[in-house]
Colleague: 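Take a look at the following structure, please.
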Protein chains: 2
Amino acid sequence: MFQSAAAAGNAYRDEHLLFDHGNTSAYVDLREIILTKKEHELLALLVENAGEIVPRDILLERIWGYGKDIRTRTLDVHIRRLRKKLFPYGDTYIETIFGVGYRFQRFREPRNYMTFMPELVAV
Amino acid sequence: MFQSAAAAGNAYRDEHLLFDHGNTSAYVDLREIILTKKEHELLALLVENAGEIVPRDILLERIWGYGKDIRTRTLDVHIRRLRKKLFPYGDTYIETIFGVGYRFQRFREPRNYMTFMPELVAV
DNA sequence: GCAGAATGTAAAAAAAATGTAAATTCGCGA
DNA sequence: TCGCGAATTTACATTTTTTTTACATTCTGC
């Protein structure tokens, strides 16, 4: 549960994002983004658990070594900067689970009427 | 990963730089520059991995034989002198990846409207 | 809808890494 | 051994990242 850098060497790839665990740079569409160490660790941990909620506790403990007693906003600030670098998909990729933590979601092509329910279009 | 002098004998060449692995002098446009031994090794290692980030660790280990525990500014000083000799392209060729290392980037002609989108010019 | 708790955000402060000039040391050829 | 250029260290300056602070905003249960 909550895989760590074990999955290193492997890269995550989808429609808009290319992320390599061993590399501090990533690609959003054709744009290279350079992640700082903490940003990279954070995104790595989230991506490794794509589709699953990773609680704040875990993030703070794994990346910062903080215990449950520590009160800080540093996680939120880092999430924010990550989302910014993932523009314009920041909120699409990184979802906030209120009261729990965050979840990285694989990109899925947004449905439109045409592809979703073709019979409703061009009637 | 992180090729060494194996690729010797071959020369690197682009719009502004000619660098021969077997030669301690290089050319920046039509100007000859003379590299010292360490400068040459450093540039060679970076050029061999053009486009890829080479971590400080690796540079310090491959060129100086230093371990991760050694604290020194000598790498930075060499980078600085290299950049100076590559004037006015020093910062263009040698990029700093904060917290990680350096990256040599092939020279790319800056785009202008003419070359990028010719159909938008001279309307 | 409200109160209280959790998260978002901008800006300042602190910490860490890199840049730089100048001094010092090293090493090799004469 | 001496002299000289190369390499390294030193001592700050500067830049970048990370954390904190101080509020603003959003969410949830009642």
Colleague: Would you say a side-chain N or O of B/Thr36 is under 4.0 Å from OP1 or OP2 of D/dA6?
Modeller: no
Colleague: How close or far is atom P of D/dT19 from atom CD of A/Glu39, stated in whole angstroms?
Modeller: 11 Å
Colleague: Given D/dT20, D/dT10, D/dT16, identify the nucleotide with an atom nearest to the side chain of A/Thr74.
Modeller: D/dT20
Colleague: Within the pair A/Thr96 and C/dG8, is there a side-chain N or O less than 4.0 Å away from OP1 or OP2?
Modeller: yes
Colleague: Round to a whole Å and report the spacing from OH of A/Tyr102 to P of C/dG8.
Modeller: 4 Å
Colleague: Can you tell if the side chain of A/Leu42 reaches within under 4.5 Å of the side chain of A/Ile79, non-hydrogen atoms only?
Modeller: yes
Colleague: Out of D/dT9, C/dT9, D/dA7, which has the shortest distance to the side chain of A/Val77?
Modeller: C/dT9
Colleague: What about A/Tyr27 and A/Phe19, are their ring centers closer than 6.0 Å?
Modeller: no
Colleague: Expressed as a whole number of angstroms, how long is the span from A/Leu82:CG to D/dT18:P?
Modeller: 11 Å
Colleague: Tell me which of A/Ile97 and B/Arg83 sits closer to the 5' end of DNA chain C, going by the nucleotide each one is nearest to.
Modeller: A/Ile97
Colleague: Compare the minimum distances between each of D/dT8, C/dT18, D/dT9 and the side chain of B/Arg56, then state the nucleotide with the smallest one.
Modeller: C/dT18
Colleague: To the nearest angstrom, how far is A/Arg103 atom CZ from C/dT7 atom P?
Modeller: 15 Å
Colleague: Does A/Arg73 place a side-chain N or O at less than 4.0 Å from the phosphate oxygens OP1/OP2 of D/dA22?
Modeller: no
Colleague: Counting side-chain heavy atoms from C-beta on, which of D/dT9, C/dG19, C/dT9 comes nearest to B/Asp76?
Modeller: C/dG19
Colleague: So, B/His78 side chain and B/Thr74 main chain: donor-acceptor pair closer than 3.5 Å or not?
Modeller: yes
Colleague: Rounding to a whole Å, what distance do you find between A/Arg81:CZ and C/dA11:P?
Modeller: 14 Å
Colleague: Kindly point out which of D/dA7, D/dA11, D/dT20 is positioned nearest to the side chain of B/Lys37?
Modeller: D/dA7
Colleague: Nearest-Å distance, CD1 (A/Ile79) to P (C/dA6)?
Modeller: 17 Å
Colleague: If you draw a 6.0 Å radius around CZ in B/Arg13, do more than 12 non-hydrogen atoms from other residues or ligands fall strictly inside?
Modeller: no
Colleague: Measure from the side chain of A/Lys38, starting at C-beta and using heavy atoms only, and say which of D/dT8, D/dT9, D/dT18 lies closest.
Modeller: D/dT18
Colleague: Between B/Phe98 and B/Leu75, name the one whose nearest nucleotide on DNA chain D is closer to the 5' end.
Modeller: B/Leu75
Colleague: Can you tell me the distance, in whole Å, between the CD1 atom of A/Ile34 and the C1' atom of D/dT17?
Modeller: 14 Å
Colleague: Which nucleotide, D/dA11, D/dT15, D/dT8, lies nearest any side-chain atom of B/Trp64?
Modeller: D/dT8
Colleague: Between P on C/dT18 and CD1 on B/Ile94, what's the gap in Å once rounded to a whole number?
Modeller: 15 Å
Colleague: Do A/Asp14 and A/Tyr93 have a side chain donor and acceptor closer than 3.5 Å?
Modeller: yes
